[in-house]
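Values in this document were obtained by computation on a predicted structure and should not be read as measured data. Naming: A, B, ... by sequence-line order, numbering from 1 per chain.
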Protein chains: 2
Amino acid sequence: MKAQPAPLYARIEAALRARIAAGEWAPGAALPTEPVLAAEYGISQGTLRRALAALEAQHVIERRQGAGTYVAEATSARALFHFFRVETPGGARPVPTSIAHLLETRPARGAEAAALSLAPRARVVAMERLRLVEGRPVVLEAIALPATLFAGFALPLGQVLEDELYVHYQRHHGVTVLRVEERLTAIAAPAEAAARLDVPEGTPLLAISRVAFDVLDRRVEHRHTLLRTDALRYAVELR
Amino acid sequence: MKAQPAPLYARIEAALRARIAAGEWAPGAALPTEPVLAAEYGISQGTLRRALAALEAQHVIERRQGAGTYVAEATSARALFHFFRVETPGGARPVPTSIAHLLETRPARGAEAAALSLAPRARVVAMERLRLVEGRPVVLEAIALPATLFAGFALPLGQVLEDELYVHYQRHHGVTVLRVEERLTAIAAPAEAAARLDVPEGTPLLAISRVAFDVLDRRVEHRHTLLRTDALRYAVELR
DNA sequence: GAGTGGTCTAGACCACCTT
DNA sequence: AGGTGGTCTAGACCACTCA
């Protein structure tokens with residue numbers, strides 16, 4: 001009944017993840033080659049490959065035959081098509097434009113502090129953002145980020161945003177989002193949101209509460225989303 | 001620019017999947033041991049293990065150290081907690097009771113035929129089902145199954161169902177659901193559904209359109225669900 | 001052409017389950 | 001005690017990328 005140590009490949013995987021999270025290799029940079037890394041840890045190449053395969057499956061690294069192993073970079077494609085699970089009734093995946101219209105640093109509200117596991121009086125960077133598809137407002141988001149991780153956060157207000165937010169998080173704050181948890185409910189549009197989304201008050205909307213997690217599985221973002229589903233729907237696969 | 005053959009481990013994986021789908025080993029039965037299977041295919045044990053690991057990750061088989069490799073059985077736990085992604089605001093996963101109140105075989109409707117990739121006039125087994133949590137009706141479902149795969153489908157009507165549907169599909173029709181695709185929208189409760197779910201007409205509800213896929217990735221079920229989200233919410237993880 | 005990751009093999013040793 | 005899957009090693013050969 002003695003506690004078994006974790007398998008070697010799992011310890012190597014954790015060690016490499018920690019080194020990547022610490023910034024030893026920046027996003028887009030190459031890791032040492034397999035023979036070099038294996039020698040460094042004193043393990044066989046096969047065991048190292050098992051650890052690298054796991055990190056690749058989690059999108060922590062990318063491997064290209066003949067080229068090398070690289071720290072994964074956040075991409076617009078992944079942000080838009082993997083983490084933004086919206087499609088038209090025909091199954092097409094629209095590319096929305098985004099406009100932020102509020103940005104402030106303030107104490108976390110109750111739901112935000114709970115979702116981010118923050119102390120009651122911790123500060124967050126809070127923003128609001130509207131997303132449009134074909135010129136029509138379809139998504140309204142209220143986002144909160146732990147101020148300790150996102151010091152000096154800046155975005156242009158009132159104009160179309162260039163980068164996807166998760167790309168911005170990685171480039172400017174070294175925060176890489178690997179997975180998100182979402183909770184969905186259906187609600188009647190409150191007056192203010194209805195006006196923003198250009199629908200009658202009381203229209204049924206999809207309400208999404210999201211928590212995003214980084215490479216070390218820390219809670220790095222809370223997002224409350226209202227989505228018009230008259231022209232869009234939420235698509236997900238369970239396997 | 002010649003087409004490369006698939007790697008050996010992928011071909012072995014496909015071959016084993018086909019044999020399991022054909023019923024050569026029933027759900028719950030043991031596969032031959034690794035040395036036996038490897039010898040049968042004339043491959044090394046390592047290559048076989050790679051194929052088996054992939055099938056295990058897809059829940060096609062289960063492997064138990066010291067015991068053997070078994071064809072995965074559909075379980076209530078997986079049906080309830082993996083494929084029924086509903087929780088209370090506190091995060092608890094309720095176990096609903098189910099009552100079917102309609103069962104018939106009829107031509108597929110347009111949406112059903114499309115979702116199941118059936119010919120326009122193909123027949124489906126159609127049923128309706130109400131699910132209750134703590135005695136309150138919270139989920140209303142309309143389910144359609146291809147009649148060719150579910151000949152002689154039977155369920156007791158008007159009383160609490162014993163088995164989860166996906167367990168029933170596997171035990172009685174040899175159909176194993178491995179993954180599902182879902183599309184979600186928010187709608188105002190229509191009169192009939194509102195009455196069944198005991199909410200005022202027009203209440204916002206979550207509408208879920210599901211297609212389920214089996215071991216060979218065939219479309220085996222279409223399900224249209226209406227979910228009350230006043231006391232429940234839909235929970236999903238993206239990674 | 002040199003170096004990278006991808007595939008496949010062969011075998012040793014171990015932890016675990018069954019009888 | 002015997003047999004199972006789990007871990008780890010060592011090495012060969014191949015396909016691919018890039019200078």
Output a table of donor-acceptor pairs, distance under 3.5 Å, between side-chain atoms of residues 89-96 of chain B and any protein atom two or more places apart or on a different chain; print 'none' if there are none.
| residue | atom | partner | partner atom | Å |
| --- | --- | --- | --- | --- |
| B:Arg93 | NE | B:Val86 | O | 2.9 |
| B:Arg93 | NH2 | B:Phe81 | O | 2.9 |
| B:Arg93 | NH2 | B:Phe84 | O | 2.9 |

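One atom, CG of A:Leu8, and another, P of C:dC14, lie 15 Å apart when rounded to the nearest Å. Whole-Å rounding puts the A:Arg63 CZ to C:dT4 C1' distance at 10 Å. Protein atom CD of B:Glu13 is 16 Å distant from nucleotide atom C1' of C:dC8, rounded to whole Å. Atom CD in A:Glu56 sits about 11 Å away from atom C1' in C:dG6, given to the nearest Å.
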Please list, pair by pair, any protein nitrogen or oxygen found under 3.5 Å from a nitrogen or oxygen in nucleotides 2-4 of chain D.
| residue | atom | partner | partner atom | Å |
| --- | --- | --- | --- | --- |
| D:dG3 | N2 | B:Gly66 | O | 3.2 |
| D:dT4 | O2 | B:Gly66 | N | 3.1 |

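Classified by interplanar angle (parallel below 30°, tilted 30° to 60°, perpendicular above 60°), the ring pair B:His59/B:His82 is tilted.
Qualifying side chain to side chain donor-acceptor pair (under 3.5 Å) partners for A:Gln58, counting only residues two or more places apart in sequence or in other chains: A:Glu13, A:Arg17. Scanning for side chain to side chain donor-acceptor pair (under 3.5 Å) contacts around B:Thr33 gives an empty result, with sequence neighbours left out. Residues meeting the side chain to side chain contact (heavy atoms under 4.5 Å, CB included) test with A:His168, sequence neighbours left out: A:Phe153, A:Leu155, A:His172, A:His173.
Contacts with DNA chain C (heavy atom under 4.0 Å) in residues 42-55 of chain B: B:Ile43, B:Ser44, B:Thr47, B:Arg50, listed by number.
Remark: the backbone N or O of A:Arg78 is paired with a side-chain donor or acceptor of A:Thr75 at under 3.5 angstrom.
The cationic group of B:Arg50 lies under 6.0 Å from the six-membered ring centre of B:Tyr9 and within 45° of the ring axis, placing it in a cation-pi geometry.
Two residues are said to be in side-chain contact when any heavy atoms from C-beta on lie closer than 4.5 Å; A:Glu141 and A:His224 fail this criterion.
Considering only side-chain N and O atoms, A:Tyr9 lies under 4.0 angstrom from the phosphate OP1 or OP2 of D:dT7.
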